[in-house]
2 protein chains.
Amino acid sequence: MYLTNPTQQTAVTTADRVFEQIQHAIVEGDIPSGSKISEPELAKRYQISRSTLREALNRLEKCHLIERKANVGSRVVDCTIEGLLELYITREALEGMACRQAALNMSDMEIADMQAMLKAHGQTQELKDGVAYYQEQGDLDFHYKVILCSHNKQLIDLICGQLYHLVRMYRCQFGMNSPRASRAFNEHSQILQAITDRDGELAEMLMRRHIAASRKNIEKKIAEQNLLD
Amino acid sequence: MYLTNPTQQTAVTTADRVFEQIQHAIVEGDIPSGSKISEPELAKRYQISRSTLREALNRLEKCHLIERKANVGSRVVDCTIEGLLELYITREALEGMACRQAALNMSDMEIADMQAMLKAHGQTQELKDGVAYYQEQGDLDFHYKVILCSHNKQLIDLICGQLYHLVRMYRCQFGMNSPRASRAFNEHSQILQAITDRDGELAEMLMRRHIAASRKNIEKKIAEQNLLD
DNA sequence: TAAATGAAATGTGTCGACAATTTTAACTTG
DNA sequence: CAAGTTAAAATTGTCGACACATTTCATTTA
């Protein structure tokens, strides 16, 4: 599988296709963070005209993967510590609210689906001690589902359509394999319980804590690493 | 003055200029909400080529003023009640967090500036009973300033660069002239006090209440209007 | 040698034309 | 007359070329 974002619609035009390819290359770091983008070069590499490439670049800019300056050109965004922390702050606000809305708006069937998913994740974790799996795909699956279940188009677009591209980029480039997997699973369970109880306030609070915990974990690692320098 | 968004950078290219013109036309309703956009027609009206127009359309899509479907075309976004409420929910989350960050990150000078601005607003209000002014420009000024003072690029871009175009559009098209002006001023004062005290938690809570109050005010009006039908 | 100037080279912005798709309209058929 | 089919018109997507701005680099000058 190539894409994990559930809001990503299937590519119909060539600009769509190239957008996905470049997006993947940026997220994975094949096109390095902070590097300048040469339109003629990329157009040649992907065998398309510059117009089509520029269409793709516009979409990359929309999900904050590149930045453009008039008459100067495009750069892949820098992956900085500050940027990462700002991203987590923003996620805390948006996903917290999405979680509250999910608690208020989810259908009973959607809740049942989610419980099933979490149960499956739990078994996977027990059986294979699937730490690596859970923190990658499982965590994303859970968060995506909560956001979609907020049934708020504005929130869904902002988070899934924009923020999460950056989230995945940072995960790849900073190689985040923290040992928070089992704790994250427990936190997910708590959140789902609050949603099941239709307790929007608690659901938001738990989701915010969940994300804040990740952020603090990162901050701690940074601090430790700074001691070694 | 034409533009109020402080993050909007001066137009250097023709696409920039046309973007601003169309943006203005959409926000003001000169190009009606929900209407289809004809590329050839608009290109002719603004005396530019379709490529340049499409560049402008891409930016309009970035701030959620139009929606595009592949091989079909662009439409101006619909102004619906649901959309408006979703927008306020999102604002509550984002601006609440921005306000918390502002309380934590603002410099003392920025706080002094803000106090001066609010004091000026208060006098204007007293002197001219400037209800109309305050709810339009003054309210926007205050919110913009808080957001910018969060010093969080992610938040600033999401709110000022995207959400607030929609906010202004809804304000224009739904003709929001609610009698919340003096209450809003008081709420702003409370928020600034919390910021001055560096109380991030309270600042966020007050900002969320402030925005939620606007939302509930709208919901009430809708309900009243529905009784007349 | 370092700073300033100017020209060449590279890169971005804009244009008009063609290709591919969708929409419209006319026409056939039941 | 309604529904389905087909052809024409209109619209969007893509392309290559040119105009303009920026960057690079060689040359001049203090």
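Residue numbering restarts at 1 for every chain, and letters A, B, ... go by the order of the sequence lines.
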For [X] and [N], what is the distance between atoms [atom1] and [atom2] respectively, to the nearest whole Å?
X	N	atom1	atom2	result
B/E55	D/dG13	CD	P	14 Å
B/E41	D/dA10	CD	C1'	13 Å
A/N58	D/dG13	CG	C1'	14 Å
B/Q47	C/dC15	CD	C1'	14 Å
A/R54	C/dT12	CZ	P	8 Å
A/E61	C/dT12	CD	C1'	14 Å
A/E39	D/dC15	CD	P	14 Å
A/R68	C/dG11	CZ	P	16 Å

Backbone N/O of B/V77 and side chain of B/S33: donor-acceptor pair under 3.5 Å: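 Yes; at least one donor-acceptor contact below 3.5 Å.
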N/O contacts under 3.5 Å, protein versus nucleotides 16-20 of chain C?
| residue | atom | partner | partner atom | Å |
| --- | --- | --- | --- | --- |
| C/dG16 | O6 | B/S51 | OG | 3.3 |

Side chain to side chain donor-acceptor pair (under 3.5 Å) partners for A/R17, two or more places apart: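 None.
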Phosphate OP1/OP2 of C/dG11 contacted by A/K44 side-chain N/O (<4.0 Å):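 No, A/K44 has no side-chain N/O under 4.0 Å of OP1/OP2 on C/dG11.
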N/O (side chain, B/T13) to phosphate O (OP1/OP2, C/dT14) under 4.0 Å: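 Checking C/dT14 against B/T13, a side-chain N or O does come within under 4.0 Å of OP1 or OP2.
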B/V27 to B/Q173 - nearest heavy-atom pair and separation: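 Where B/V27 meets B/Q173 most closely, the heavy atoms are O-NE2, 3.6 Å.
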Taking every non-hydrogen atom, the tightest pair across B/F174 and B/C79: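 Where B/F174 meets B/C79 most closely, the heavy atoms are CZ-O, 3.7 Å.
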A/A15 vs A/A70, nearer the 5' end of DNA chain D by closest nucleotide: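 This one resolves to A/A15.
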Sugar-phosphate only, base, or nothing, as touched by A/I37 at under 4.0 Å among non-hydrogen atoms: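 Sugar-phosphate, no base atom in range.
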Residue B/T14, side-chain heavy atoms: nucleotide from D/dT22, D/dT12, C/dT14 that is nearest: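 Of the candidates, C/dT14 comes closest.
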Please report, to 0.1 Å, the donor-acceptor pairs under 3.5 Å made by any side chain of residues 153-160 of chain A, with sequence neighbours excluded.
| residue | atom | partner | partner atom | Å |
| --- | --- | --- | --- | --- |
| A/Q154 | OE1 | B/H64 | ND1 | 3.4 |
| A/D157 | OD2 | B/H64 | NE2 | 3.2 |

Distance-only side-chain donor-acceptor flag, A/D30 / A/H24, under 3.5 Å: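 Note: A/D30 and A/H24 side chains miss the donor-acceptor criterion.
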A/L94 vs B/L94, side chain to side chain contact (heavy atoms under 4.5 Å, CB included): CA-CA, chis, key distance, verdict: CA-CA 7 Å; A/L94 285 174; B/L94 285 173; 3.6 Å; yes
